[in-house]
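The chains referred to below are lettered A, B, ... by the order of the sequence lines, with proteins before strands, and numbering in each begins at 1.
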Amino acid sequence: MSKPSLPAGTRDFGPDVVRKRNHILDTIRSAFQRYGYQPLETPAFENMETLMGKYGEEGDKLIFKILNNGLDNPEKEAKVRAGFETVLQGKSSTDITERALKYDLTIPFARYVAMNHGQLTFPFKRYQIQPVWRADRPQKGRYREFYQCDADVVGSRSLLYEAELACLYHEVFTNLGLTGYTLLVNHRSLLLALADRCGNQDWLVPITVAIDKLDKIGLEKVKTELTQKQIPSAAIEQIEKYLSVEGTADSVLEQLNALLGEIPEGAAGIGALREWMGYLADQPVSFRIDPTLARGLNYYTGMIFEVKAPATVSMGSIGGGGRYDDLTGLFGVSDVPGVGISFGVDRIYDVMEALELFPSDIAQPPRILFFNLGITEGKVTFGLLQELRKKGIAADMYPESAKFDKQFKYAEKRGITYVAILGESELKTQTIQLKNLSTGTQSTLSHTDFLNIELS
RNA sequence: GUGGUUGUAGCUCAGCUGGUUAGAGCAUCAGAUUGUGGUUCUGAGGGUCGCCGGUUCGAACCCGGUCAUCCACCCCA
């Protein structure tokens, strides 16, 4: 029997961790509800065709596939062998795997909307807090099973929603005490306009992939990568101009206007950002327009968001989102535009742990531990224990008669402040001793007085 | 998927150029102390040195493989 172990990239969450996670999840959930989003849950796994091809080529590789049952059925042997050949060629075959674990919450949501669009009232706002799975190689801040918290609204093109989602980010991170975050925004149309300016809109993907790395690898390496991707040098000059844009939001938009304003997509993107900023003018939301922000998921078409953790913790992005014009079109229902954001709870947890942002009173041990001093005494003690529990006071009792030393130490380890002692002599006098472990004070009380006590 | 790091007690780690019986701190258990904890003292239990093979008179240590781990790249929350 080998030692038990966990699959790579997964974790158990002990009591302390769950409490802290719940603190984050509760903060997010209550904000979602205040903004009028409704809860939704979808299955852990979906049909393969629901997920495949939605996240790009890289994404497909990272989808966890579930092996079909009954592959040993002799009647299916030919099919299974053919399917296996397909898999060996690096493709996927539903003859081997027809289901896969969900990779994010957005695509399953799109599937849900496509299946239920007849019943839904638009604009439909939903939030969803569930685990997702990625067959990535784990490393810092990257897990194979992690939670996403998404808020999306479908059925409207109004930029009011982009504005409210920015407020939502601000509210959640402020309530968590994570004030050092940065909200980066951009508009896909600007990137499209840049590709156009360079001479070919098909260059959108290679250009965005390269410039997205600017702050990581520097301008020279970005230019090298663009050259390698056969982007002509005249185009790279344009890109370099685009990348040099910086400053306040207004100044960035002005510079972009000079660069891309003549191109319809450019004008549209700049206009959208201006309108969005108008809604936020009197809101406490802070953000930065980052023309290099691209985001990998290829279904985004409008504004895109990314939340960066404070630079001191090197954690990369702890949230992201954007507008997609036609996500449900992938499932045969067109004309349902949407916009949404996501919180990466596991990374937020890591960041808050690193910055020591969790409140210290997050542990909730029972208030009182009843000592166990024998079966006869225990009967009375158990009765009092249940009375306290009925009154809503968290209390616990030591399971068997043991030395005081042991019972005291147990109370301390669990962080319990009060112990209640009912032994032979208290049994006779129908009293109980209540001791406060942090002050050391102790008093003898009648049972009724004890049950009415106000704990400090 | 590619490259590297590290695997020694429940946890964090020592362990010399290969040399008798592999250590420490914390944790656990017991006692000092049979109805009053935190501190202290004493003692005990706990290890196939990740696993498999090789070199050697001899391997925790050197070599090969393998598994796990963490980190970086790719990509991403």
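At a threshold of 4.0 angstrom between heavy atoms, the contacts of A/Ala8 are confined to the sugar-phosphate backbone, with no base atom among them. Across all strands shown, A/Tyr147 has no heavy atoms under 4.0 Å from either base or sugar-phosphate atoms. Nucleic acid contact for A/Ile318: sugar-phosphate only, since backbone atoms but no base atoms lie under 4.0 Å from a heavy atom of the residue. Using a 4.0 Å heavy-atom distance criterion, A/Gly316 is classed as making no nucleic acid contact. Within 4.0 Å (heavy atoms only), A/Leu373 reaches no atom of the nucleic acid at all. Among the atoms of the strands shown, none is found under 4.0 Å from any heavy atom of A/Ser342. When heavy atoms are screened at a 4.0 angstrom cut-off, A/Val209 is found touching the sugar-phosphate backbone but no base atom. At the heavy-atom level, A/Glu145 lies nowhere under 4.0 Å from the strands shown.
Donor-acceptor pairing under 3.5 Å is lacking for the side chains of A/Tyr410 and A/Asp405.
Counting only distance, with no hydrogens or angles, the side chain of A/Thr97 and the backbone of A/Thr94 share no donor-acceptor pair below 3.5 Å.
Distance, A/Arg144 CZ to B/A68 C1': 12 Å, rounded to whole Å. Protein atom OH of A/Tyr103 is 7 Å distant from nucleotide atom P of B/A77, rounded to whole Å. Spacing between atom CG of A/Leu25 and atom C1' of B/A77 amounts to 14 Å, rounded to whole angstrom units. In this structure, A/Phe64 atom CZ and B/C75 atom P are separated by 20 Å, rounded to whole Å. The nearest whole Å value for the distance from the CG atom in A/Asp136 to the P atom in B/C75 is 11 Å. Distance A/Ile416 CD1 to B/G38 P: 17 Å, rounded to the nearest Å. One interatomic measurement links the two molecules: CD of A/Gln407 to P of B/U36, which rounds to 13 Å at whole-angstrom precision.
B/A77 has A/Phe146 stacked on its base ring, the centres lying under 5.5 angstrom apart and the planes within 30 degrees of parallel.
The nucleotide B/C41 finds its pairing partner in B/G31, both defining distances of the Watson-Crick or G-U wobble pair being shorter than 3.5 Å.
Residues A/Lys213 and A/Gly440 each lie close to RNA chain B; by heavy-atom proximity, the contact nearer the 5' end of the strand is made by A/Gly440. Each of A/Pro7 and A/Gly320 was assigned the nucleotide of RNA chain B with the nearest heavy atom; the assignment lying further toward the 5' end belongs to A/Pro7.
Checked against the 6.0 Å centroid threshold, A/Tyr37 and A/Tyr127 do not count as a close aromatic pair. Between A/Tyr398 and A/Phe370, the distance separating the two ring centers is not shorter than 6.0 angstrom.
Among A/Arg21, A/Gln148, A/Arg142, the one residue that satisfies the side-chain hydrogen bond (donor to acceptor under 3.5 Å, both in side chains) test with A/Asp346 is A/Arg21. Checked options A/Phe382, A/Phe408, A/Tyr418; the residue passing with A/Phe371 is A/Phe408 (criterion: ring-ring contact (aromatic ring centres under 6.0 Å, His included)). The side-chain hydrogen bond (donor to acceptor under 3.5 Å, both in side chains) test with A/Glu225 is passed by exactly one of A/Lys223, A/Lys221, A/Lys229: A/Lys229.
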*asked:* Determine whether A/Glu46 and A/Arg111 satisfy the following criterion, salt bridge (Lys or Arg N to Asp or Glu O under 4.0 Å), listing intermediate values before the conclusion.
replied: CA-CA 10 Å; A/Glu46 296 273 350; A/Arg111 192 223 71 222; 2.5 Å; yes
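A close approach under 4.0 Å does not occur between any side-chain nitrogen or oxygen of A/Gln139 and OP1 or OP2 of B/C70.
Among the nucleotides B/G37, B/C76, B/G1, the one closest to any side-chain atom of A/Glu412 is B/G37. Distance from the side chain of A/Arg137 is smallest for B/A72 among the nucleotides B/A72, B/U36, B/C75.
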*How does protein contact run along nucleotides 28-33 of chain B, one letter per nucleotide 5' to 3', with B for base contact, S for sugar-phosphate only, - for none, heavy atoms under 4.0 Å?*
S-SS--
